[in-house]
Structures are given as structure tokens and as C-alpha cells.
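To find a chain, count down the sequence lines: A is the first, B the second, and so on, and within it residues start at 1. Because only heavy atoms are used, hydrogens play no part in the values below, and waters and symmetry mates are left out as well, while side chains stay in.
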Amino acid sequence: MSPTTSTEPKVPAQRGGSAGNGADAGRERVSAFWSLSRAMLLSFRRDRSALFFVMLFPLMFLLLFGTLLKGATSPHAKVAQVGAVQVLDSVQGEGRTELEKVLQISKVDDESAALTKVRKGDLDAVIKQDPDGRIELRFSTADQVRAGSVQGILNSIVQQANQAAYKEATGKPPAFTLDATQVEDQSLKPIQFLTPGLLGWAVATGAVFGASLTLVGWRQKKVLRRLRLAPVSAFSVIASRVVVSTVTALAQTAIFLVVATTPYFGLKLTGNWWLIIPLVICATIAFMSIGLLAGSIAKTEEAANGISQIIVLPMSFLSGSFFKMDDAPTWLKTISEALPLRHLVDAAGSVLSRGGGVMDALPTMGILLGFAVVLTLISAKLFKWDDV
Amino acid sequence: MTAAISADGIRQRYGDVQAVDGVSLTVEAGEFYGILGPNGAGKTTTLEILEGIRKPDEGRVELLGMAPWPRNPKLLPRIGVQFQASAFFRKLTARETIRTFASFYGTGPKRADAMLERVGLADKAGSMTEEMSGGQAQRLSIACALAHDPELVFLDEPTTGLDPQARRNLWDLLRDINREGRTVVLTTHYLDEAEVLCDRVSIMDHGKILHTGAPAALIRELDDTVRITVESGQLAVDRARELLTAAGAEIAALEDDGVSLSVSTRLPAPILAVLAEQNALRGLEVRGATLEDVFLQLTGREYRA
Ligand SMILES: Nc1ncnc2c1ncn2[C@@H]1O[C@H](COP(=O)(O)OP(=O)(O)O)[C@@H](O)[C@H]1O
Ligand SMILES: [Mg+2]
């Protein structure tokens, strides 16, 4: 039966062709890009295990490590005060609240009982004041860090009290003052390296796995082939995946920062902390290029999973995501310089809580994007549309 | 007018297997064209080469007057493709799936939803594609291929694995699609499907097209052959051949597959007489030729999907 023998009114055959082309081609590209992004976000949101693995699992590590390490070097010391101690008692109002953040002071009458508690480690120190104004601090040397911090805090309180007394006596401010908080900021609190480290690990996990599993899953389920037969540009496909991974990474960042800055963990953000946003975006692109490479090599989702894990986990250890690399051998440190995560962790730590600025973030962003370009070029060589 | 498809001498080899071995074909605009063959005949590979997702080792293909390889974005909106295995995004509903595919062509959600309704999936629009039955997935897959209103549609074994009712429903849909003026290329390993649906059908085996023509014409070319079958075990094949030859019967084919003894001939009378004489008429069936006989004649073997 040729078209002319058909009894039914046939629609002109050219109709379909003109519908998909022409003046509104630009609008189409945009809508393909958005609908792809939407499809991927929906798939991700409905995939419980992926959601847990990417969003909750790293957060659990933050809660766990944060809580475990909190006690270790926390300046929050328990001190028993015997009788009246003027320098402590005189600290009232806002100053008192600040003081109680670092010192938990209980008033006791029985000095010897309190000293026994110090020996057993239930208390960190006992403090009392002689009638002649001398302050006596007795502590155990079992926890030297804790003992040192109690000493430091008391020292600064005594100095402040002395300065106040001087000012009262002479009417002039003292020539030299000590900013007591400075002592504390110099020491790196665990949350200050845990936050960028674990956040970096979380972002790397999400982006590497997101890219590799999407690529292999689409190839296996022939979606890639279907996309190739649709008038969608490779740019739209890649850009939409980048957008989805970036949104995920920024959500991870927001959750991490909210949790880490709670009073419980006490991360204090410094001025240019917002630089974490461009840093995370650049890092996401770098990590996605790793995932792209893994997905170009792997034939099955299991293989993609394995390859991604083999890359992400060692990279995280070498980049100081879980513990600091200060004591590592030099050659390991050299290797870690080649890893994008290392650069993200360093720069994130700097801008989040150590007062780093634009000049600390910019070179890192350059390194991350350069890394992405190199790996994407390699992936393009290895890329396959089909698994056969 | 240019043909919808013209292919010339295409060949494709996978290692030791010559999957497509010199296929040439022409499909006219508006035609319902079938490629019929058993599993492994090379149908899917041929289709992939025509669609432009596989570069043939040899040969030339033109689709709507353009070369499909390398990827030709001008051509893509004008063709619709349904793969043998459904290709869907993970964890999306039927509605989200077709809307997403439609958007690639700039087709809006209204038309996408209408297409879903047309293939009878309106009540399944909110179901995850993972939870759909084989027939529903197949229909969704076809709807996704059609949403952007292509003029040339490729369907790879669309009814394989469906129950008879679902198959018939799908046939109605495919006929409608073709009546609207679309060229349809379909592969199948069901003889009846090719016979019922296709304007023209190519019979394919071992990577080669053996014969092409309208199903009715192919059958007519067998010169009104009649196929006579009786239950097996009443008369041995050798003995039957002896008796039939002695009776002067003309035999086009004679075989016993363990279930039935069958004879193909243009003159059934003498054969029926012999069978009656031998008291071997249990389970007697006499029917005109089908595509199965065409395949038998072309390849010398029974058709097995
Ligand atoms: N990707 C492939 N790699 C190797 N052999 C293949 C591949 N695809 C198909 N074949 C082989 O090529 C032949 C034709 O396959 P195919 O085109 O799928 O046939 P059909 O669709 O008719 O069943 C078969 O022998 C099949 O095993
Ligand atoms: Mg096939």
C-alpha cells in the first residue's frame, strides 16, 4: 500500500519535521536542559539509599567525630571553687556567660574531697583564694592539655582583674592589655578541621558517585542512546548533571555549616566564609570529572561503584578529611598535593574559620577547574555511548 | 519524491558473527514496512544502522534524504525510535518520563499527556516506570517515540512478550499511527503480525534479506500451495513419500516434526486419497499457505521464532 492508495486522509508527511526545528530552537535547548535537571533531581530525591549515602552518612560522621573529639581538647573544664574567689565572683552578667562556656564552676566547701575528685579525674582543678589575695590553683597533670587550658583561662582572668583594678586606681587605661580570646583561637579546635574535612569528603562522594553512576546507569539502560537520538546537545546533558550535583553539594554544605555552628559544636565562621560557595562549586566540577572518568571506564554500575570508592576513600584519607596530615611522611604529602580534595579541604578550612580571604580561595579554584579540564579531556577519549 | 529510507549494501560484523550481510532496502514515505526474521537474524542491528546509532562496516544509508551517520541534529526531530528494551530514567513516573522526552523536542506537556492517553496509559500516569507491566512499558516506550510527532517511526519488536489481548490493542494503535501518514518500520519475529500489519515485509535470516514484498503477494508466489497435516505416528515419512510418489502426487515439502506429518502441495486431492487409504486421517488439517511456508521455501527449514 503506497501513500496514495490509503483511503484515510493522511496528514502531510513533513508536518513532524517542521515542529521540532526553526525559530524556537533556543527555547527548546533551555527546556531540555531544565527538564533533564529536573528528571535527575527527582531520581535522586526518590532514591532512598543514594540520599542516605550522600546526605546523611557524612553528617553522621560529623556528629560522631565532632562529639568524640569535643571532649579531647575542649577548653570546657570542670573546676571546683572553695570559698570565695574574688576574681571569679566579680565576673558577672555577659562576662559570666562567656566564662561558663569554657569553665564549669561548682562551689564546694570541702577542699579535701574536691582534691580527691581531681586525683580521680572527675574534676579538672580546684581553685581557692588566700586571705592575702593569692589565688591557688591545684590541678592534676594527668590531662596536661586540660590543665594547661584551665591555667591559661585563669591567668587571663587574673590579668583582666588586675587591669581593671589599675584603671580604677589611676583613672587611666592600662598600657598593655591582653585579649584573652586570642589564646583560644590560636589552638585549632577539632570542629575547625572536622568541618572542612568531612564536608570535602561528602561533596567528593556525592559528585563522584553521582556522575559515574548516572553515566553507567544511563548507558546500561539505553537512556544515553535515547538521548543521542534526540536533538539534545551534549552540553545540555553535561550542564544539567553539573547543576544537579552542584545543588546537592551546596545543600550538603548548608547542612554541615548549620550543624557545625550550633553551640554544641561551636564552629565560629570568619568574615569571608561565603567563599565556601564558589569553592564547593569548583570542587564539585573537579570531582564530577573523576566520576566521568570512572563512568567512562566502567561497564556496569557495580564496577562504577567500586572504582569510585577506590578513588574517593584513599583520596579522602590523603587529603586530611578524617584526620590531619601534619605527621604524615613528606612523600605522602606530595601525593596529596595532586588531589583536588586536598586543595578544597585546605581552602575551606581557611575561609570558614581561619579568616582566609579571596586570595586564599582563588588559586584553589583555579587548580580545581584545571584538574576538571584535564580529566574531562581524558574521559572524552575513553567515552562510549553503548556498552557493546 | 525521495524515499523515507534507502539503504544499500550494509554490512556489520561483531567478531566472528556477520550480523548484517549486505542488506539493501527502500521504504517509501507512508509505508508500513516490516522486517521479519527469527531471533539473531540481524533485525536489531539493521535497525540501529538505519537509525544512525551504529556505523555500518560497509554500505550507505539515507533517511529522508539525509545521512543518519554521523549524528545529524536536523534529522533527529523527524524520526521516533522505540528500542527493543525500554530506555527510561530511574524512579520517574510515566507522566514525568514522557514529558521529559517530549521536552527534548520542544514538545509541551499537554501533547505529552495526550499521547499517554492515546496509548491507554492515562490511569497509569502516576505509576513509576519500574512498576509497570511489560505491555504498559512497551506502550509508554512507543508513546515516548511518538510524542514529538515524527514522520518516520522505528519500532523494534514492540509486541514481543505481550499477551494476545495486549498485542491486538497495540496493533490497532500501530495501524492508526500509520494511517495518520507516518512511515512505520517494524521488526518482528511473529509471522501473523507481519501479515496483519505490514504493507511490505522483508524476510531476513542470517543477516540477509531473502525476499521482500506484500505479505499476500509473497504467499501467492507460492502458487497456491496447500499444507496438509495429520497427527504424527500414523504413517512413517519414508513410507509416505513412497506411497505418494507411486500415486503420482506432487510434493513441495514433506516432513514429520514428531507432532504432525505435513505435506505441502499444489494438488491436494491425490494426497488426501492416499492418506485416507492408509487410514491416516487423524487430526487432519488442510490450510492455504502462510508466511511460514514462504520462510520454509526460502530457507528450507521450519520457521522458529
Ligand atoms: N553488540 C553485539 N556484539 C556481538 N554480537 C552481537 C551484538 N549484537 C548482536 N550480535 C549478534 O549479531 C547477530 C544479530 O543480532 P540482532 O541484530 O540482535 O538480531 P535480531 O534482532 O534479529 O535478533 C546475533 O547473532 C547476535 O548474537
Ligand atoms: Mg532484536
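- Once rounded to the nearest 0.5 Å, the distance linking CZ of B/Arg90 with OG1 of A/Thr214 reads 8.0 Å.
- Only the side chain of B/Phe83 has a heavy atom closer than 4.5 Å to any heavy atom of chain A.
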Audit row: A/Val223, B/Phe88, side-chain contact (heavy atoms from CB on, under 4.5 Å) steps and yes/no
CA-CA 6 Å; A/Val223 172; B/Phe88 299 138; 5.7 Å; no
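- Residue A/Leu224 does not touch chain B at all, counting heavy-atom pairs closer than 4.5 Å.
- Heavy-atom minimum distance, A/Leu229 versus B/Ile79: CD2-CD1, 4.4 Å.
- Once rounded to the nearest 0.5 Å, the distance linking CZ of A/Arg226 with OG of B/Ser86 reads 12.0 Å.
- Scored by the salt bridge (Lys or Arg N to Asp or Glu O under 4.0 Å) test, B/Glu195 finds no partners at all (sequence neighbours excluded).
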Step by step, work out the side-chain contact (heavy atoms from CB on, under 4.5 Å) result for A/Val232 and B/Phe101.
CA-CA 10 Å; A/Val232 181; B/Phe101 280 121; over 6 Å; no
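- Using a 4.5 Å cut-off between heavy atoms, B/Thr183 makes no contact with chain A at all.
- Evaluation of the salt bridge (Lys or Arg N to Asp or Glu O under 4.0 Å) rule for B/Arg118 yields B/Glu180 as partners, not counting sequence neighbours.
- Using a 4.5 Å cut-off between heavy atoms, B/Ser141 does not touch chain A at all.
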Please assess B/Arg54 against A/Arg225 for the test side-chain contact (heavy atoms from CB on, under 4.5 Å), listing each intermediate value before the final yes or no.
CA-CA 10 Å; B/Arg54 201 179 277 289; A/Arg225 195 184 244 228; 3.9 Å; yes
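- Looking only at heavy-atom pairs under 4.5 Å with chain A, the residue among B/Cys144, B/Gly80, B/Ala145, B/Ala87 that has the most is B/Ala87.
- Within 6.0 Å of CD on B/Glu117 lie no more than 12 heavy atoms contributed by other residues, nucleotides or ligands.
- For B/Asp16, the salt bridge (Lys or Arg N to Asp or Glu O under 4.0 Å) test picks out no residue, with sequence neighbours left out.
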Tell me, with the steps shown, if A/Ser31 and B/Phe104 meet side-chain contact (heavy atoms from CB on, under 4.5 Å).
CA-CA 7 Å; A/Ser31 79; B/Phe104 300 160; over 6 Å; no
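- At a heavy-atom separation below 4.5 angstrom, chain B is approached by A/Arg38, A/Ala39, A/Leu42, A/Ser43, A/Arg46, A/Asp47 within residues 38-55 of chain A.
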